[in-house]
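In what follows, a single structure is set out as structure tokens and then discussed.
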Amino acid sequence: MGNAELDIIDGADYVNHYKNLKILHCNNQIKELQTILRDRETSRSDFKFSADRLIRLVIEESLNQLPFTDCKVKTPTNSIYDGLKYKSGNCGVSIVRSGEAMEQGLRDCCRSIRIGKILVESDADTHEAKVVYARFPEDIAQRHVLLMYPIMSTGNTVSKAVTVLKEHKVKEENIILSNLFCTPAAVQTVLESFPKLKMLTSEVHPVAPNHFGQKYFGTD
Ligand SMILES: O=P(O)(O)OC[C@H]1O[C@H](OP(=O)(O)OP(=O)(O)O)[C@H](O)[C@@H]1O
């Protein structure tokens with residue numbers, strides 16, 4: 001990896017190049033969570049606790065990408081407040097299994113949101129991504145979809161999931177990809193294949209923490 005690549009992983013150039021990529025504004029708290037999640041010495045309970053905190057931050061910012069409408073409410077003192085409310089017609093879709101770790105964070109913000117699931121597996125020989133299982137709300141074509149998957153290495157898993165959503169007539173511009181860690185290659189793969197999709201991540205870095213699912217769920 002050359003220095004040129006290191007220069008752009010801070011994100012500024014990526015955000016300039018891919019207008020639909022948003023990287024969570026990094027502060028010390030976020031950097032600490034990322035550090036705990038990448039540290040091989042982190043215990044499983046600390047890992048899950050920190051992952052849930054980072055997930056919540058990413059989900060909150062992803063929800064910010066959904067459409068709002070203006071509204072007025074009357075306060076207890078009878079004054080009118082000019083506010084905002086979400087447009088209805090949103091849903092979540094988690095990619096099994098790491099994406100399921102993000103479902104609770106979404107439910108904590110949107111109590112009764114519908115959440116579909118999709119399972120994509122890579123063929124051991126050809127590495128081709130294949131869909132094993134998919135269940136979505138029946139009217140998903142009319143909805144904005146928050147697609148949840150925490151780790152993107154090659155971007156193949158997410159690309160396959162987006163392809164399946166589009167086969168179900170979801171508009172590409174209505175898909176918001178919610179992610180924790182992403183490699184530069186995955187940004188390129190996903191956003192060049194699906195330029196209208198909106199993507200939100202906490203970090204673009206050449207090393208993907210591929211241990212995420214195993215450590216979060218405590219499996220080998
Ligand atoms: O961008 P990709 O190259 O497609 O890879 C995405 C993720 O999928 C793999 O994990 P795993 O197969 O363990 O998935 P899981 O944690 O969801 O079970 C891989 O280790 C990455 O973490």
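No experiment lies behind these values; they were computed from the predicted model shown. When a ligand or atom number is given, it counts from 1 through the structure's own listing order. Only this structure's heavy atoms are used, side chains among them; waters, hydrogens and symmetry mates stay out.
Shown in contact with Met152 at under 4.0 Å from a heavy atom are these atoms of ligand 1, numbered in order with element: 1 (O). Here is the list of ligand 1 atoms found below 4.0 Å of a heavy atom in Arg97: 15 (P), 16 (O), 17 (O), 18 (O). Those atoms of ligand 1 with a heavy atom of Ile151 less than 4.0 angstrom away are 6 (C), 7 (C), 22 (O).
When Asn179, Asn210, Thr219, Val190 are ranked by how near their heavy atoms come to atom 21 (C) of ligand 1, first place goes to Asn210. Ranked by closest heavy atom to atom 5 (O) of ligand 1, the top entry among Gly213, Ser153, Ser159 is Ser153.
The shortest separation from a heavy atom of Phe217 to ligand 1 is not under 4.0 Å, leaving the residue out of contact. Residue contacts with ligand 1 include Gly155, since one or more of its heavy atoms lies under 4.0 Å from the ligand.
Checking Ile118, Leu197, Leu147 one by one against Leu165, the side chain to side chain contact (heavy atoms under 4.5 Å, CB included) holds for a single residue, Leu147.
Between Tyr149 and Gly99 the shortest heavy-atom distance is CD1-N, 3.6 Å. In terms of heavy-atom proximity, Gln65 sits nearest to Leu200 at NE2-CD2, 4.3 Å.
A distance of 10.0 Å separates CD of Gln214 from CZ of Phe47, quoted to the nearest 0.5 Å. In this structure, Lys198 NZ and Leu66 CG are separated by 8.5 Å, a value rounded to the nearest 0.5 Å.
Protein heavy atom at the shortest distance from atom 15 (P) of ligand 1 is Ser98 OG, 3.3 Å. In terms of protein heavy-atom proximity, atom 11 (P) of ligand 1 is closest to Tyr149 OH, 4.3 Å. The single protein non-hydrogen atom nearest to atom 4 (O) of ligand 1 is Thr157 OG1, 2.4 Å, given as residue, atom name and distance. Of the protein's non-hydrogen atoms, the one nearest atom 2 (P) of ligand 1 is Thr154 OG1, 3.3 Å.
Using a 4.0 Å cut-off between a side-chain N of Lys or Arg and a carboxylate O of Asp or Glu, Lys48 and Asp52 qualify as a salt bridge.
Panel note: side chain His211, backbone Leu37; a donor-acceptor pair is recorded below 3.5 Å. In terms of modelled atom types and a separation under 3.5 Å, the side chain of Asn179 and the main chain of Pro150 share a donor-acceptor contact.
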